Colleague: 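The structure's right below; bear with me while I get my questions together.
Predicted model only: the values in this text are computed from it and were never measured.
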Amino acid sequence: MTSFSIGEFYCGPGGLGLGAKKAKVKDTSGKIHYFDHEFATDFDPDSCETFKKNISKSNVICSDIKKLDLNSLPYVDGFLYGFPCNDFSNVGETKGLKGKYGPLYSYGVNYLNLNSPKFFLAENVSGISSANSGSAFRQILDDLKNSGEHGYKLTVHKYKFEEYGVPQARHRFIIVGMRNDLDLSFRVPKPSGKIVTCKKALTVPPIPSWAENQELTNQAKQVVERLSFIKPGENAWSAKLPEHLKLNVKGAKMSMIYRRLDPDRPAYTVTGSGGGGTHVYHWNENRALTNRERARLQTFPDDFEFVGSKESVRKQIGMAVPVTGAKLILESILKTLIRVEYDYIEENFQLDRIAA
């Protein structure tokens with residue numbers, strides 16, 4: 001068995017981390033190749049504790065990235081980072097690089113410049129391509145492409161994770177860079193074509209009694225009554241609600257507000273924050289999903305235990321990369337590194353757009 005060392009920035013609870021931990025590939029001689037964590041860092045204490053509990057206890061650094069001495073971090077073969085997406089999300093003001101979180105991608109670029117790992121994987125929301133009228137994404141891609149001693153060959157793709165067996169319509173940009181001197185090209189793995197409904201994900205098998213993070217939300221009577229008028233797949237705007245249950249909201253009406261799941265389809269996107277009506281709602285029962293149910297939609301296994309308060313756990317789950325999707329992409333990276341062929345499709349973002 002041979003391993004490739006990896007490190008993570010903004011590791012969160014470990015969606016990418018668990019995907020990497022599960023990823024294993026055999027080469028043509030039968031030798032197994034896998035990833036081994038060297039370090040991980042995040043600003044959130046609960047996320048760090050969750051990562052330690054489930055992924056790796058060694059060298060998990062809980063620190064503000066702005067205060068972290070990047071020179072103290074070791075070289076790794078692969079660098080992973082889902083840099084904070086708050087300023088790129090379609091839900092909100094989309095401040096991009098002008099926001100508080102937008103510039104945080106640059107710390108990953110700084111690590112690449114210092115260490116030139118063999119590859120990197122960067123993840124962010126689909127809205128990143130339109131932030132600052134597209135200029136933010138062009139700058140990020142240009143900086144990543146030209147980082148390190150040799151620069152990187154980029155493969156940029158907006159993944160629709162429901163096409164890869166994730167029971168959730170979650171669309172995210174994944175940027176994979178292969179160091180230019182290695183003469184390797186990462187290709188986007190072909191979707192499985194297996195569509196998993198949210199009902200199947202949450203009921204087959206039933207969530208075991210021993211699973212953690214399964215506490216119910218204490219729903220207000222008015223919320224329960226409102227949900228009773230909302231059919232599967234409907235939200236607070238499309239349902240026929242009595243006047244006293246309608247929401248007094250002006251302007252944008254987000255589709256996720258008090259939206260029930262459609263049991264015959266993958267779930268809509270699980271988010272990590274938001275007020276009333278954003279917690280994802282059961283197709284049949286008049287309630288929000290539990291954190292364990294949200295975790296299933298993110299393909300975390302039932303024995304994965306999140307640390308922290310109920311709202312902290314909700315945030316961790318909503319910010320994570322789906323484990324199943326992460327594993328598939330990271331296995332494809334392993335195959336690329338050891339030159340094992342796999343089925344692929346063409347990327348759906350053309351790199352010449354960075355020069356626009």
Colleague: Taking all heavy atoms of Lys31 and all of Thr2, pick out the closest pair and write down the distance.
Modeller: CD-CG2, 3.6 Å
Colleague: Can you tell whether the side chains of Glu311 and Arg314 come within less than 4.0 Å, N to carboxylate O?
Modeller: yes
Colleague: Just grab all the side-chain hydrogen bond (donor to acceptor under 3.5 Å, both in side chains) pairs involving residues 186-203, residues at least two apart or on different chains.
Modeller: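 Residue pairs passing side-chain hydrogen bond (donor to acceptor under 3.5 Å, both in side chains), neighbours aside: Arg187-Glu346.
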Colleague: Between Lys327 and Glu331, does any NZ, NE, NH1 or NH2 come within less than 4.0 Å of an OD or OE carboxylate oxygen?
Modeller: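 Salt bridge present between Glu331 and Lys327.
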Colleague: Any carboxylate oxygen within less than 4.0 angstrom of a Lys/Arg side-chain nitrogen, looking at Asp181 and Arg179?
Modeller: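 Looking at Asp181 and Arg179, the cut-off is met.
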Colleague: Hey, are the side chains of Tyr111 and Tyr81 touching, using non-hydrogen atoms and a 4.5 Å cut-off?
Modeller: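 Tyr111 vs Tyr81: side chains apart.
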Colleague: Should the pair Arg259 and Tyr281 be classed as cation-pi, given the thresholds of under 6.0 Å to the six-membered ring centre and 45° from the axis?
Modeller: no
Colleague: For Glu293 and Thr290, indicate whether the former's side chain and the latter's backbone hold a donor-acceptor pair under 3.5 Å.
Modeller: yes
Colleague: Roughly how far, to the nearest 0.5 Å, is CG of Asp44 from CE of Met319?
Modeller: 10.0 Å
Colleague: Any donor-acceptor pair under 3.5 Å linking the side-chain atoms of Ser135 with those of Gln139?
Modeller: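 No - no donor-acceptor pair under 3.5 Å links their side chains.
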Colleague: Would you list the pairs meeting ring-ring contact (aromatic ring centres under 6.0 Å, His included) in which at least one residue belongs to residues 302-339, sequence neighbours left out?
Modeller: Phe300-Phe304, Phe300-Phe306, Phe304-Phe306
Colleague: Do Arg170 and Lys160 come close enough that some side-chain heavy atom pair is under 4.5 Å?
Modeller: no
Colleague: Please check if any side-chain donor atom of His157 sits under 3.5 Å from a side-chain acceptor atom of Asn348, or the reverse.
Modeller: yes
Colleague: Do Tyr258 and Leu227 have side-chain heavy atoms sitting under 4.5 Å apart?
Modeller: yes
Colleague: Kindly check if the number of other-residue, nucleotide or ligand heavy atoms within 6.0 Å of CG (Asn218) is above 12?
Modeller: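 At most 12 heavy atoms, drawn from other residues, nucleotides or ligands, come within 6.0 Å of this atom.
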Colleague: Measure the spacing between CD of Glu8 and CG of Asp42 and express it to the nearest 0.5 Å.
Modeller: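 Nearest 0.5 Å value for the CD-CG distance: 9.5 Å.
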Colleague: Start with the C-alpha gap between Asp46 and Ser312, add the side-chain angles, then the distance that decides, and say whether side chain to side chain donor-acceptor pair (under 3.5 Å) holds.
Modeller: CA-CA 7 Å; Asp46 288 341; Ser312 172; 2.7 Å; yes
Colleague: Got Gln168 and Val280 here, is their nearest side-chain heavy-atom distance under 4.5 Å?
Modeller: no
Colleague: If we ignore angles and hydrogens, is there a donor and acceptor under 3.5 Å between the side chains of Asn286 and Ser228?
Modeller: no
Colleague: Can you check side-chain contact (heavy atoms from CB on, under 4.5 Å) on Met178 and Phe186, steps first, answer last?
Modeller: CA-CA 7 Å; Met178 288 285 167; Phe186 174 79; 4.2 Å; yes
Colleague: Can Asp183 and Lys153 be counted as an ion pair, charged N to O under 4.0 angstrom?
Modeller: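 Salt bridge absent between Asp183 and Lys153.
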Colleague: I need the Leu289 CG to His279 NE2 distance, nearest 0.5 Å.
Modeller: 10.5 Å
Colleague: Can you see whether Tyr105 engages Asp143 through a side-chain donor-acceptor pair at a distance of less than 3.5 angstrom?
Modeller: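 A pair is found: one side chain offers a donor N or O, the other an acceptor, under 3.5 Å apart.
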